[in-house]
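Encoded as structure tokens, the structure appears first; notes follow it.
Model, not experiment: these values are computed from the prediction.
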Amino acid sequence: MLKRLFLQCIALSALAFTLSSCASLSGGGWTTLIDGDSGMSNFNITGEANWRAEGGAIVADGTKNGYLVTKKSYKDFEIRAEFYPETDTNSGIFIRAQAPATIAAVSSYEVNIWDIRPEPKFGTGAIVDFAEVPVPIKNLVGGRWNLLEISAKGDQFVVRLNGVETVTLKNSKFAQSPFALQHATGANGLKGGPIKWRSVKVREF
């Protein structure tokens, strides 16, 4: 009898933990901006990339650069984004972008997605010009679905790829602005691979 009660307690504890974990992901103030192939209406399009809904995701490819820029401005927040790049894809998320019409690394924090960046210390998982990753890059993402998590609170930043922390940063240069999803050409003007976003969620602190 005691053994049965003990096992029931363990089972209930495990269930409670699972429900708590699920609630932390599905609730808690998360706003879904992209869900499968829907959500482009939550963004302004800048540049010439051929953004479109396709195959259960928001996709861009080809030889043109461009961004999906959130219509809302964010200060302290978390982002959870599921994405699929190829090895030669040049993409990323630009947070606190001070010039939403002309997104650039000089006016935002660029959390990079680029496995073969010519300057690898600012490749996949880095914040370009602010926080370097070890070289050679360990957290490669090409050819599969990945989870990118970004936390920005005041001057504190944390980036995680597939649950692994890649960089942290303490910096107060940019305080609040929209964020943007990127599609860009590759090195030396090469085409570069496609980028697919199937889930993008944001939660403000």
Side-chain angles (χ1 to χ4, degrees), residues 25-26 30-74 77-118 123-128 139-150 152 159-162 177-204:
L25 296 180
S26 60
W30 288 99
T31 298
T32 299
L33 299 181
I34 291 178
D35 184 11
D37 56 9
S38 64
M40 285 187 62
S41 61
N42 293 314
F43 300 85
N44 294 316
I45 299 176
T46 68
E48 300 179 19
N50 58 344
W51 294 106
R52 62 197 186 274
E54 180 178 284
I58 303 300
V59 182
D61 55 17
T63 59
K64 302 295 185 179
N65 297 330
Y67 303 87
L68 295 179
V69 185
T70 61
K71 293 180 177 180
K72 183 176 179 179
S73 179
Y74 298 92
F77 58 90
E78 292 179 278
I79 296 171
R80 292 174 55 89
E82 296 179 22
F83 67 98
Y84 185 105
E86 296 297 346
T87 299
D88 58 346
T89 293
N90 179 5
S91 183
I93 299 181
F94 290 66
I95 63 174
R96 294 185 180 171
Q98 303 298 293
T102 55
I103 302 293
V106 296
S107 56
S108 58
Y109 299 107
E110 178 187 357
V111 181
N112 213 358
I113 300 170
W114 195 1
D115 284 354
I116 57 171
R117 192 180 196 272
T124 298
I127 302 176
V128 175
N139 299 291
L140 301 176
V141 293
R144 61 190 175 116
W145 284 103
N146 302 270
L147 174 63
L148 175 59
E149 298 173 283
I150 304 168
V159 177
R160 292 184 178 86
L161 269 172
N162 301 316
S177 278
F179 68 85
L181 312 179
Q182 179 192 37
H183 173 266
T185 56
N188 302 316
L190 297 176
K191 178 180 177 181
I195 184 68
K196 304 176 184 179
W197 305 93
R198 72 178 179 188
S199 177
V200 177
K201 299 180 180 182
V202 60
R203 174 170 63 180
E204 296 182 80

* Residue pair Ser91 / Pro85, side-chain heavy-atom distance below 4.5 Å -> no

* Asked: Is there side-chain contact between Ile95 and Tyr74, with heavy atoms separated by less than 4.5 Å?
  -> no

* **Result of checking Lys201, Arg80, Arg160 against Glu149 for salt bridge (charged side-chain N to carboxylate O under 4.0 Å, His left out)** => Arg80

* To do: With sequence neighbours left out, write down each residue that passes side chain to side chain donor-acceptor pair (under 3.5 Å) with Lys64, or none if nothing qualifies.
  => none

* Asked: Given the rule in the side chain to side chain donor-acceptor pair (under 3.5 Å) test, do Thr124 and Asp115 qualify, once you have shown the distances and angles that lead to the verdict?
  -> CA-CA 5 Å; Thr124 298; Asp115 284 354; 2.7 Å; yes

* Asked: Are the side chains of Met40 and Ile45 in touch, meaning some heavy atoms are under 4.5 Å apart?
  -> yes

* Asked: Can you check whether Ile113 reaches Val141 side chain to side chain, under 4.5 Å on heavy atoms?
  -> yes

* Specify whether His183 and Trp51 have parallel, tilted or perpendicular ring planes, treating 30° as the upper limit for parallel and 60° as the lower limit for perpendicular. => perpendicular

* To do: Find the distance between OG1 (Thr46) and CG (Asn65) and round it off to the nearest 0.5 Å.
  => 10.0 Å

* To do: Would you mind reporting whether Gln182 and Phe94 have side-chain heavy atoms less than 4.5 Å apart?
  => yes

* Asked: Hey, does Glu54 have a side-chain heavy atom less than 4.5 Å from the side chain of Asp37?
  -> no

* To do: Could you label the plane-to-plane angle of the Phe77 and Phe179 rings as parallel, tilted or perpendicular, counting under 30° as parallel and over 60° as perpendicular?
  => parallel

* Asked: Quick one: do Asp61 and Lys196 make a salt bridge, cutoff under 4.0 Å?
  -> no

